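Every heavy atom of this structure was used, including side-chain atoms; hydrogens, water molecules and symmetry mates were not. Naming: A, B, ... by sequence-line order, numbering from 1 per chain. The structure presented is a predicted model; accordingly, all values stated were derived computationally and were not measured.
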Amino acid sequence: MYDPTQIEKKWQAQWEQDALYLVNDDDASPKWYSLTMFPYTSGDLHIGHWYAEAPADTYARYKRMCGYNVLRPIGFDAFGLPAENAAIKRGIHPREWTLGNIANMTRQLKSMGSCYDWNREVVTCLSDYYRWTQWFFLKLFKENLAYRKKAPVNWCPSCQAVLANEQVEDGKCWRCESQVIQKDLEQWFFGITKYAAELANHEGIDWPEKIKIMQRNWVGRSEGADISFLLEKPAKEYDSIKIFTTRPDTAYGVTFMTIAPEHPMVEYITTPEQKEEVTAYQQRSREKNDIERLSTEKEKDGVFTGAYCYNPLNDDKIPVYIGDYVLISYGTGAVMAVPAHDTRDFAFAKKYNLPIKVVIASPNYNGEELSQAYIESGSLINSGRFDSMNSEEAKKAIAEYLTVLGKGGPSVNYKLRDWLISRQRYWGAPIPIVYCNSCGLVPVNEEELPVLLPEKAEFKLTGENPLKYNEEFVNTTCPKCNRLAKRETDTMDTFMCSSWYFMRYTSPHSPDAPFYKENVEKWMPVDLYTGGAEHAVMHLFYARFLTKALRDMGYVNFSEPFSRLFNQGLILAQGGGKMSKSKGNTVTPDDLVIRVGADAVRAFLMFIGPWDQGGEWNDAGLNGISRWLQRIWSLVIENYQEQTLNEKDTRDFVRAMHRTIAKVGDDLEKLRFNTMLATLMEYSNYLNKVKTAGSVPYFIWQEAMKNLILMLAPSTPHITEEMWQIKGQLYSVHQQAFPQYDAELATEEEITLVVQINGRVRDKINAPIGLTAQQAEDLARSSEKILSFTEGRQIEKVIYVAGRLLNIVVK
RNA sequence: GCCGGAGUGGUGGAAUGGUAGACACGGCAGUCUCAAAAACUGCUAUGGGGUGACUCAUGUGUCAGUUCGAGUCUGACCUUCGGCACCA
């Protein structure tokens, strides 16, 4: 009998003792960097983590067996909001909570029998790591890629604290249920938009199409024109309204302007009569988030500011509105409105009784009033010198004409915004900046890093940033003039920590650099990066940005961090929905490992379906896998006895072995673990039959057993190591080469010819390989079944698919 | 709302435009047993016909289309899941 518990513990200890999975940087074999998105230190690993890790481990092991020097590191993403929530709720320090979770998760990860190199472990909340996160901040600051500007945050006026989106429920604070408002704070940004064009381009990397599309949409490139509309009454520094449009061809049809309610010019251009209404509207829009504001379901509304501006093309006098469907963060925070040719503007114009001026004629337009916006292309009318041009030509011509007028010109706009990295929270890497009364904003000297996160922190129920009240932390001296100064109390977005951890793995202990150039350039880019698709835009985007920024600073010689990306699916809780601790619907692998062993759990997770699909959790099939491993054990360990040898059986036997090796290798290469295991099950069922018959020679049987163990080794590492040893083979099975197949021996001796009449299967005939079309037809016509269908009917056409199928079309 | 996926037996799923349901789970029947469990063997999409080997029809979310042939390609729709910038 096979006892997984005992075997698994034994081999895990043995592998650790023998340092079987420690990676040697100097190994001359070709490198393979296999990486799974490191886990967040949320407490326990649930089955979803295993679903992410086990197949990836199997693939890494397969690559080792194919002769690669495989780097498969592991670490923890350890800063972030949940640790702080735990601190507030349970009175436990975030550090203690986080390190406790890491200890538990490490134990769980080790119980899986993975080939991680634990000597390279990285933990982002430890100062020997975040020191370098801060160092990157300073480098970006030096390159003018880190800067400060005002940006809105979710603000709870009652708690006097900034809330994460997660902490806002239906527009209310999750703690005290006060109405949350948008409040402007001076915050830190990274200049990610400078790389917009490059980030939208995924040339040379093998990523899922859907992720590339999501990232391109995230960048949101659009071509059009900038146009300046001169204000009737310039106010302060604002003498005109600048807009971006993708439809410069409709610019003669502008009948009003809409600017974002939070646009700074609103204060200055609003007339006294409109002040009250405008202020009330601004107040209301602070209570909405961007998704609500952009929703096309809700009716668009706005308020007249009392101000007017002029269309530079035809001098039309145009009223200026504010409307919350215009976002300050996109484009210039202002849009021109052409109700005749934009659905949203049309509805707005109808609502407020604004003129609708047609400037693009549809093919059969006769000058009648529009009942809805005409948003297609057409030929221009009421557009001065551009009349009768078509939209496409006019877009260019009008944009160029604006350049001549000095009122704008062709332009490219991106939806992408700069990356807001400021967090008004404790549990993150402090931003290494000091504010000095005489020198202003001063970066901390590199040699002074890390700016240590103080241990002492008072967590208020409201969630206010404890750093603000820690005088020892806040009060410091200016790095420039040495006078008293104050520290920045914002910490960095944890996405900054996870934007470079994969490079740290290449030189995990380097004390004087984030990584050594030689190491990072040996291992990077990551050959296969796996993780959830929920990171499609943020993490994956920021990591690409930082890589490109580091390249331009000369720290690395590659542009893309991840050569190939694969997204495994999501394991949903039983009954649907995401697994989460708060819902109490998580499934822990620990109980399953106790029940059937890690090998069975690994194989089960790979068998339940295509890896990129995920699905609702259900362990109904787990016992089946466990039984299969038991059968494999008996098959391999219990003696084989030759009985009556049979030549045909032996030929079939050898062919089955080679065909299985080919299919298993191919499936592994394509990350199709479910069909790989199905193939092995089919093969083991077949082997059991042959064993009963005893019709193949002993030495060939033994070869099949060896290859079976080797093919299974990446998936179920413990049982295979044990069987390998019992079979008297050299330790370790995980240092052996993956079996090779012989294409000739794998070739079938005969085929099944499927014969169809009008596309319906009517007969199946065994036939030799290499059948010609004529031979196939003759064969089909000799079948009685086929004759009964063709008799008395006229054959119109015969289609032959070589070696597979013959379709006879009759009338 | 916008963007991106996914829909196949009782269940998870398989299927280079070419035999739909591989491989499993579950169920049913049998072997073994005093009995049960375990293990093993067989059957298991639906409907009809036949004692039977078998045979006919229907069938991959819905409705159209392309094709000798569609789960696979095209269009529209329905359902469902993920992302939308402070959960990570």
Pairs flagged by salt bridge (Lys or Arg N to Asp or Glu O under 4.0 Å) wherever residues 610-630 of chain A is involved - sequence neighbours left out:
Arg595(A)-Asp619(A)
State whether Asn685(A) places a side-chain N or O below 4.0 Å from either non-bridging phosphate oxygen (OP1 or OP2) of A24(B).
yes
Distance between C1' atoms of G12(B) and G26(B) (Å, rounded):
11 Å
For the pair made of CE in Met538(A) and P in C87(B), what is the distance, rounded to whole Å?
7 Å
Taking a pair to mean Watson-Crick or G-U wobble geometry with both distances below 3.5 Å, A22(B) pairs with none
Is there, by distance only and without an angle test, a donor paired with an acceptor across the side chain of Asn217(A) and the base of C3(B) below 3.5 Å?
no
Tyr683(A) OH to C23(B) P, in whole Å, measures 16 Å
Is Arg627(A) close enough to C25(B) that one of its side-chain N or O atoms is under 4.0 Å from OP1 or OP2 there?
yes
Identified pairing partner of C77(B), criterion: Watson-Crick or G-U wobble below 3.5 Å:
G61(B)
Under a 4.0 Å N-O cut-off, is there an ion pair linking Glu488(A) with Arg148(A)?
yes
salt_bridge(Arg423(A), Asp493(A)) N-O dist < 4.0 Å:
yes
Any donor-acceptor pair, under 3.5 Å, between the side chain of Gln756(A) and the base of C68(B), if you only look at N and O atoms?
no
Quick one: Arg423(A) CZ to A85(B) P, roughly how many Å, whole number?
12 Å
Starting at CG of Leu570(A) and ending at C1' of G4(B), how long is that distance when rounded to a whole Å?
15 Å
Nearest-nucleotide 5' precedence on RNA chain B, Gly759(A) against Ile625(A)
Ile625(A)
Partner lookup for U66(B), please. Criteria are Watson-Crick or G-U wobble with both distances under 3.5 angstrom; report none if nothing qualifies.
none
Going by the salt bridge (Lys or Arg N to Asp or Glu O under 4.0 Å) test, which pairs reach into residues 750-765 of chain A, not counting sequence neighbours?
Asp763(A)-Lys785(A)
Syn or anti for G9(B), with syn set at within 90° of 0?
syn
Show your reasoning for whether ring-ring contact (aromatic ring centres under 6.0 Å, His included) applies to Phe76(A) and Phe38(A).
CA-CA 6 Å; Phe76(A) 297 94; Phe38(A) 63 167; 8.2 Å; no
The Watson-Crick or G-U wobble partner of C28(B), with both key distances under 3.5 Å, is G42(B)
Atom-to-atom span, CG of Leu416(A) to C1' of A85(B) - whole angstrom:
9 Å
If you only use heavy atoms from C-beta on, which nucleotide in C23(B), A14(B), G18(B) is closest to the side chain of Phe607(A)?
C23(B)
What is the distance from CZ of Arg762(A) to P of C54(B), rounded to the nearest Å?
17 Å
Give a yes or no on whether a donor-acceptor pair under 3.5 Å exists between the nucleobase atoms of C81(B), that is its base, and the side chain of Gln613(A).
no
Under 3.5 Å, side chain of Asn618(A) to main-chain N/O of Ala620(A), donor-acceptor pair present?
yes
By nearest nucleotide on RNA chain B, pick out whichever of Val809(A) and Gly609(A) is the more 5' one.
Gly609(A)
Separation of C23(B) C1' from Arg631(A) CZ (nearest whole Å)
11 Å
With both distances under 3.5 angstrom, what nucleotide forms a Watson-Crick or G-U wobble pair with C2(B)?
G83(B)
Gap between atoms CG and P, on Asn623(A) and G12(B) respectively (whole Å):
18 Å
